[in-house]
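Following: one structure in structure tokens, then a few remarks.
To find a chain, count down the sequence lines: A is the first, B the second, and so on, and within it residues start at 1.
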Amino acid sequence: MPRYYITTAIDYANSNPHSGTAYEKIGADAIARWKRLQGYDVHFLMGMDEHSMNVEKKAVAAGMDPEAYCDGMEPKFTDLWKALHISNDDFIRTTQKRHIAGATEFFRRCHAKGDIYKAKYVGLYCVGCEAYLKDSDLVDGRCRNHNTPPQKLEEENWFFRLSKYTDAVRRHIEENPEFVQPEIRRNEVLNVVRDGLEDISISRSTFKFGIPLPCDPSHVMYVWFDALINYISAVGFPDDPARFERLWPADLHVIGKDITRFHCALWPGMLLSAGLPLPKSVWGHGWVHYKGQKMSKSTGHLLDPWDVIEPHGADALRYFLLREIAWDRDGDFTWDSFTLRYNADLANDLGNLLHRTLNMMHRFSAGTVQAASEPDPKDGALAAHLEGCFDGVSAAMDRLALSEALERIWDSVRRTNQYIEENAPWTLNKQGRTARVQTVMANLATAMEYLSVLLHPFIPQSAGRIREQLGLDPAPGALSRAFVLRAPGGKVREGTVLFPRIETREPKGN
RNA sequence: GGCGGCGUAGCUCAGCUGGUAGAGCAAGGGAUUCAUAAGCCCUGGGUCGACGGUUCGAGUCCGUCCGCCGCCA
């Protein structure tokens with residue numbers, strides 16, 4: 001069974017996750033689940049990024065030591081991921097032993113390669129950015145991102161010789177179109193790399209909460225050098241070579257578009273230095289805007305995922321984000337658009353389809369799948385449509401076009417509703433055409449099962465409920481293109497409403 | 001300033017290598033009743049941002065401009 005290693009960015013421990021954070025995990029989860037359905041041995045990694053001056057400060061402000069502070073933050077993330085049914089196989093924290101060991105060994109290798117050196121750095125430092133600023137970062141002498149005056153700092157830092165890998169990284173991006181996706185991100189990174197990469201400071205001596213450099217314990221690793229290594233320290237680097245061999249290189253790093261540069265320029269440079277293979281692909285997704293504006297931690301303009309999950313369920317949020325926001329660009333969440341999508345797609349089209357199907361099975365078919373003893377060309381047309389849908393979804397998922405895959409599935413949801421209309425089982429029933437009614441119902445039960453498998457990656461809980469109501473195991477069966485009628489005899493449950501229609505309701509305080 | 005993206009029906013967007021515009025939602029109408037007042041059928045004349053150019057013919061190619069946006073400097 002081929003393996004598929006997928007990761008998301010590890011999140012900063014200094015603030016709660018919001019819907020943009022959730023979007024990334026939901027998208028990655030849909031991909032991971034799809035790959036599992038396809039039969040891949042998937043390893044799905046997520047985690048939390050802890051070492052940094054900002055985390056240390058937050059902790060100190062709360063009167064805690066940084067480790068304890070991070071322990072307290074962990075459930076803010078993991079509880080949300082559980083609630084969203086994110087199917088990650090592992091959750092790494094950069095304070096864990098395995099990661100410290102990995103980062104330390106990684107640094108040693110780069111050091112041994114001659115790619116680490118010490119130099120004095122004088123510059124303007126922004127605490128918010130955790131980075132030195134260039135003149136162009138300043139607006140009226142203040143950081144353009146944080147609107148705060150920078151500090152003048154002079155530090156002896158350790159540097160990573162990234163410049164040495166400019167050509168190698170550039171060639172790799174040029175020769176491997178799938179390495180940076182989508183296209184727009186690739187153009188951006190190429191732009192940066194073609195201008196030449198600069199050596200980068202990778203240590204700090206101004207705070208303690210970090211991994212000490214093996215060559216100079218008075219310095220700790222700078223956040224990015226530390227954080228990126230999680231992708232390998234989580235899978236056995238360096239202490240479990242067999243596991244590492246099996247899982248690395250990753251098939252896909254899912255990240256936000258803002259950190260493309262670190263993943264597509266710095267990270268490959270680091271790996272080349274350490275003599276390790278590069279990940280196969282990096283996907284920089286777009287932003288979820290909220291009511292037309294960028295979400296922002298500093299202004300507090302945020303959509304709290306719990307505000308959607310608690311009243312409407314995880315799948316409502318998952319569906320909206322995956323359907324409404326194409327995975328390669330930005331999109332907007334408003335309560336109106338959420339309500340429209342939810343009612344039109346989930347309640348009216350899908351939920352109602354299941355409900356009316358189950359109801360008719362009880363009224364016309366004894367709540368049981370009967371033999372399809374009176375077939376009709378209409379049945380074959382439905383089956384052909386669904387199999388075409390399968391192809392469309394597969395093709396879309398191959399391109400990671402998640403919203404397109406959902407569009408294809410909904411074509412089939414609509415098509416199945418049409419199948420009901422064109423057969424009008426209620427009329428057949430009045431006419432006493434029992435064999436035909438039962439055949440129609442058998443096709444419908446099969447169609448719903450077929451759809452439940454395709455829906456699973458996107459709305460796993462609801463897909464499971466659909467299957468339960470159909471009298472099936474909630475876990476999706478294997479992915480299979482062929483539309484094969486269900487064997488007679490299976491009982492279905494009384495339908496319960498999957499997605500009750502909702503009124504637009506904006507939580508107060510938003 | 002350099003590179004790139006976007007600007008198409010009220011909304012969200014499709015429109016590949018050029019041949020007189022499409023989908024979903026929303027809206028209006030209709031026939032039904034198994035169903036979550038849902039579903040199904042019918043109905044869309046929008047200067048395809050503006051102006052030029054190439055062409056027998058251009059959202060679709062070229063140029064200029066305008067308006068948003070991203071990356072870099």
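- B/U12 is paired with B/A23 under the Watson-Crick or G-U wobble criterion, all donor-acceptor distances under 3.5 Å.
- Here A/Leu278 contributes atom CG and A/His253 contributes atom NE2; the two are 9.0 Å apart, rounded to the nearest 0.5 Å.
- Comparing B/C34, B/C71, B/C40 by their nearest atom to the side chain of A/Asn417 picks out B/C40.
- The interatomic distance linking A/Glu407 (CD) with B/A14 (P) rounds to 9 Å, in whole Å.
- With a 3.5 Å ceiling on both atom-pair distances, the Watson-Crick or G-U wobble partner of B/C3 is B/G70.
- Nucleotide B/G57 forms a pair with no other nucleotide shown, judged by Watson-Crick or G-U wobble geometry with both contacts under 3.5 Å.
- Nearest-nucleotide positions on RNA chain B for A/Thr427 and A/Val413 put A/Thr427 closer to the 5' end.
- When the P atom of B/A23 is taken as reference, atom CZ of A/Arg414 falls 12 Å away, rounded to whole Å.
- For A/Ala347, counting side-chain heavy atoms from C-beta on, the closest listed nucleotide (B/U33, B/U36, B/C71) is B/U36.
- Nearest to the side chain of A/Lys294, among B/C34, B/U36, B/G70, sits B/G70.
- Considering only side-chain atoms of A/Gln418, the nucleotide from B/A26, B/G70, B/C41 that sits closest is B/C41.
- Rounded to whole Å, the C1' atom of B/G18 lies 13 Å from the corresponding atom of B/C62.
- Counting to the nearest Å, the P atom of B/U32 and the CG atom of A/Asn429 are 19 Å from each other.
- At a cut-off of 3.5 angstrom, counting only N and O atoms as typed in the model, there is no donor on one side facing an acceptor on the other between the side-chain of A/Glu188 and the base of B/G4.
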Between A/Trp224 and A/Trp267, does the ring pair (Phe, Tyr, Trp, His ring centres under 6.0 Å) criterion hold? Intermediate values first, please.
CA-CA 9 Å; A/Trp224 274 107; A/Trp267 182 223; over 10 Å; no
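- Nearest nucleotide to the A/Asn352 side chain, out of B/C72, B/A14, B/A38: B/A38.
- Closest to the side chain of A/Arg356, from the set B/C34, B/C72, B/C25, is B/C34.
- As a whole-Å value, the separation of A/Glu421 CD from B/C40 C1' is 4 Å.
- B/U47: no Watson-Crick or G-U partner with both key distances under 3.5 Å is found in any strand.
- Of all nucleotides listed (B/C34, B/G5, B/U36), B/C34 comes nearest to the side chain of A/Met360.
- In this structure, of B/U36, B/C13, B/C34, it is B/U36 that holds the atom nearest to the side chain of A/His355.
- Here the separation of B/C6 from B/C48, taken at their C1' atoms, is 14 Å to the nearest Å.
- Once rounded to the nearest 0.5 Å, the distance linking CG of A/Leu451 with CG of A/Leu470 reads 10.0 Å.
- Atom-to-atom, CG of A/Leu322 to C1' of B/G24 comes out at 17 Å; the value is rounded to the nearest Å.
- At a cut-off of 3.5 Å, with distance as the only test, a side-chain donor of A/Lys297 or A/Ser15 sits close to an acceptor on the other residue.
- For the atom pair NE2 (A/His172) and CG (A/Leu271), the distance works out to 10.0 Å, reported to the nearest 0.5 Å.
- Every residue meeting the side chain to side chain donor-acceptor pair (under 3.5 Å) condition with A/Ser296, not counting sequence neighbours, appears here in chain and number order: A/Ser298, A/Thr299.
- Here the C1' atom of nucleotide B/C25 and the CG atom of A/Asp345 are 8 Å apart, to the nearest Å.
- When rounded to the nearest whole Å, the span between CG of A/Asn423 and C1' of B/U33 equals 16 Å.
- Per the geometry, CG belonging to A/Asn348 stands 20 Å off P belonging to B/U33, to the nearest Å.
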